[in-house]
Amino acid sequence: MTLSIEALDARLAERAKASPDQSYTAKLIARGTAKCAQKLGEEAVETVIAAMSGDRGELVKESADLVYHLLVLLRSQGVALSEVSDELDRRTAQSGLAEKAARPRD
């Protein structure tokens with residue numbers, strides 16, 4: 001069975017309630033947003049490196065790490081996955097090009 005992002009988020013919610021001594025997720029959240037953001041950044045770089053190297057297996061592994069760390073960062077900030085999903089839904093109601101064109105210019 002394939003794990004959905006919602007199911008992963010629910011699993012992380014449970015693990016975040018555990019003791020930091022017993023859960024890596026709880027440990028990361030206890031260390032604060034800066035640590036969660038740092039780990040997300042590290043995983044993003046590793047994902048890019050895997051993609052650029054053409055190593056499909058590593059890209060899959062690093063992408064899993066990236067998604068995990070994104071969900072941990074969101075949880076550390078109290079941002080629900082549903083908020084991100086709602087934003088994606090709003091954005092995909094039109095083409096990406098039309099959405100970009102509608103953005104205010106600096």
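In this text the structure is predicted, and so the values were computed from the model without any measurement.
- When every heavy atom of Ala26 is checked against every heavy atom of Ala16, the shortest pair comes out as CB-O, 3.8 Å.
- Residues Leu73 and Ala37 approach most closely at CD1-N, 3.8 Å, considering heavy atoms.
- In the hydrophobic cluster analysis, where Ile, Leu, Val, Met, Phe, Trp and Tyr join through side-chain heavy atoms closer than 4.5 angstrom, Met52 is grouped apart from Val45.
- Taking 4.5 Å as the limit, every side-chain heavy atom of Leu66 sits out of range of all side-chain heavy atoms of Leu70.
- Here Ala51 pairs with Leu59 under the side chain to side chain contact (heavy atoms under 4.5 Å, CB included) rule; sequence neighbours left out.
- Taking hydrophobic clusters as Ile, Leu, Val, Met, Phe, Trp and Tyr residues chained together by side-chain heavy-atom distances below 4.5 Å, Val79 shares a cluster with Ile5.
- Rounding to the nearest 0.5 angstrom, the gap separating the CD atom in Gln38 from the CD atom in Glu43 is 10.5 Å.
- The environment of CZ in Arg103 is crowded: more than 12 heavy-atom neighbours from other residues, nucleotides or ligands sit within 6.0 Å.
- Between Arg56 atom CZ and Ser63 atom OG the span is 10.0 Å, to the nearest 0.5 Å.
- Contacts classified as side chain to side chain donor-acceptor pair (under 3.5 Å) and involving residues 15-32 (residues at least two apart or in different chains) are given here: Glu14-Lys17, Thr25-Tyr68.
- Atoms CG and CG, on Leu81 and Leu8 in that order, are 9.0 Å from each other to the nearest 0.5 Å.
- Judged as a salt bridge (Lys or Arg N to Asp or Glu O under 4.0 Å), the pairs with a partner in residues 60-76 (not counting sequence neighbours) are, in order, Asp9-Arg75, Glu58-Lys61.
- Side-chain heavy atoms closer than 4.5 Å link hydrophobic residues (I, L, V, M, F, W, Y) into clusters, and following such links, possibly through other members, connects Leu88 to Leu40.
- The two residues Lys39 and Leu28 make their nearest non-hydrogen contact at CG-CD2, 3.8 Å.
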